[in-house]
Amino acid sequence: MEEIIKVEHVDAGYGKTVVLRDVNFCVKRGEVFVLLGGSGCGKSTMMKHIIGLNPVLAGSIKIADLEMNRKNKSAIRRKIGVMYQSGALFGSMTVLENVLLPLEEFSKMKKPERIDKAMYLLESVSMADAADKMPADLSGGMKKRAAIARAMALDPEILFLDEPSAGLDPITSYALDNLILKLRDEMKTTFVVVTHELPSIFTIADRCAMFDKSRKAMIALGSPKELRDESEDSFVREFFNRGKF
Amino acid sequence: MKKGILYQIGKRTVDFINGLQETCAFVGEICCRTFEVVFMPKRFRFGDMMLALERAGSNGVAINALVGFLLGVILAFQSATSLQMFGVEVYVADLMAIGLFRELGPIVTAILLAGRSGSAFAAEIGTMKVDEELDALETMDLPPVRFLVLPRIVAAMIAMPLLTIICELAGLIGGALVLKMMNIPLSVYWNHVADSSTVFMILLGLAKAVVFGLVIAIVGCGAGMRTRNTADGVGVAATKAVVGGILSVVILDGIIAVICYIFNV
Ligand SMILES: Nc1ncnc2c1ncn2[C@@H]1O[C@H](COP(=O)(O)OP(=O)(O)O)[C@@H](O)[C@H]1O
Ligand SMILES: [Mg+2]
């Protein structure tokens, strides 16, 4: 399968602070790739490098064979959708307007079509009844779901989700996992998901990368089952064994 | 930790140069986005501009009128007591007209706008930065400058001259009130005001107001965009916006005064 994201010898961090050293992995087209690890180990940092918000300290990242630079930036960003850890909905707009925004700016659809599409997206994350609310009036989980709808608006090839199920009730979280799998299977969307929830990892992850804060490194790469049964690292094995149902 | 004086000087210098560099980049980006919007007016966020205009403009009418009025009263009263000694207190009218139209109207309005809107711009954009909303715009390929900064700049540039006119008129009314109490007929007052003010002078004042609006909005938005993700980040940005805005406006006013002097206008 084609490798849609290539991360090669990347040092992740901010300015002079190194958070992760020499990270190597690639994400294949159409798979769900999970980034996992303890809080503060650099998952969000890694994600921000991949989507080109912060420059890497060393190494290179390619998306669809395009290096992230001034010239390619727009081309890459049309291919991706991002849901941030805090949701990052625009506070001055309603939920519906938030989802409509990318459609207004980039799609050639007419207004009724755009609204239909936005409502369809909100329904798929079961947020349709909150369409006219302001973000400030939503709970954390609702913000995230609305943000997922916004990230999906332009049918991106790759969806980045930063802790989508943190703060969600198990039922919504289950529905979200199903939505991810459905999009992967029907739309061939590639997913990069940051999550801690073991049940969720075993349901959605085709492969995952695990980071460790104290070692400042990627300590495991593979499918959840491989890591559970075959990892050389006892910490990794134990972590995944908690997920044996 | 207290470091040596050389270290302090060096650090301040480096910070200053970095700040200058960032400001240049920011202004450069604003220019690029302005070009983009001029050629593709549809990309201008008109609704956001109207919202910012409402907050910076109409919501500031009352305070501007009040401050202008009080300024007029004080100015007229103070100068009248001096001029009275020579029996020429009617010339207060000339002084009021020239002072308000040329200098005080624009600069006082600018200081008010920096306090009300410069800080608000910084706080609004700063909060968005802390909440990752700027990152979201960036990854949606929607340039924050076009989205957040341009509408605010345009709003400030429209609001400033209008608020300045209100401030000036209120000031003249305040002056009229004082002179009325000193038994100078209103018709004489207004005649003196009309005689001593020229269209050029009024336009110069309004042009300055527009430029001040531009500067305050750029400083305010710039401070917002550079907000740090710390507990006091947004507060610091708002303070920087007010102090930086007022300082730039005063310096700019000085420069304009010198240029006017050189060209004798
Ligand atoms: N803007 C920043 N500047 C400097 N350091 C940061 C910044 N954001 C996060 N960090 C640090 O980077 C490390 C990784 O953070 P992050 O990637 O957010 O962790 P997580 O895995 O929980 O998403 C943390 O130690 C954090 O303190
Ligand atoms: Mg995180």
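In what follows, chains carry the letters A, B, and so on, assigned in the order in which the sequence lines appear, proteins first and then strands, with residues in each chain numbered from 1.
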For the CG atom on Leu20(B), are there more than 12 heavy atoms of other groups (residues, nucleotides or ligands in this structure) within a distance under 6.0 Å?
yes
Applying a strict 4.5 Å limit to non-hydrogen atoms, the region of Met140(B) in contact with chain A is both
Counting only heavy atoms not in Arg78(A) (residues, nucleotides, ligands), do more than 12 fall under 6.0 Å from its CZ? yes
For Tyr84(A) and Asp135(B) the tightest heavy-atom approach is OH-O, 3.0 Å
Heavy-atom nearest pair, Ser86(A) first then Glu132(B), reads OG-OE1, 2.8 Å
Is any NZ, NE, NH1 or NH2 atom of the basic residue among Lys42(B) and Glu105(A) found under 4.0 Å from an Asp or Glu carboxylate oxygen of the other?
no
Honestly, the part of Leu134(B) sitting under 4.5 Å from a heavy atom of chain A is neither
Inset, instruction - State whether the number of non-hydrogen atoms from other residues, nucleotides or ligands found under 6.0 Å of Tyr120(A) atom OH is greater than 12. - result: no
If one checks every heavy atom of Leu89(A) against chain B at 4.5 Å, the contacting part turns out to be backbone
TODO: Look at atom CZ of Phe46(B) and say whether more than 12 heavy atoms of other residues, nucleotides or ligands are closer to it than 6.0 Å.
DONE: no
The interface call for Ile51(A) against chain B, heavy-atom contacts under 4.5 Å, is both
Note to self: Is a donor from one side chain sitting under 3.5 angstrom from an acceptor on the other, for Ser74(A) and Asp141(B)?
What the structure shows: yes
* For Met50(B), does the CE atom have more than 12 heavy-atom neighbours from other residues, nucleotides or ligands under 6.0 Å away? -> no
In this structure, CZ of Phe90(A) is separated from CG of Leu148(B) (nearest 0.5 Å) by 8.0 Å
Next on the checklist: Surrounding NZ of Lys117(A) (heavy atoms of other residues, nucleotides or ligands, distance under 6.0 Å), is the total greater than 12?
Outcome noted: yes
Counting heavy-atom pairs under 4.5 angstrom with chain A, the leader among Arg45(B), Met128(B), Arg43(B) is Arg45(B)
Output for pair (Leu142(B) CG, Arg77(A) CZ), nearest 0.5 Å, gives 10.5 Å
So, the part of Phe160(A) with a heavy atom under 4.5 Å from chain B: the answer is neither
Quiz item: Are side-chain heavy atoms of Leu101(A) and Phe147(B) found at a separation under 4.5 Å?
Solution: yes
To the nearest 0.5 Å, atom NZ of Lys73(A) lies from atom OG1 of Thr139(B) at 11.0 Å
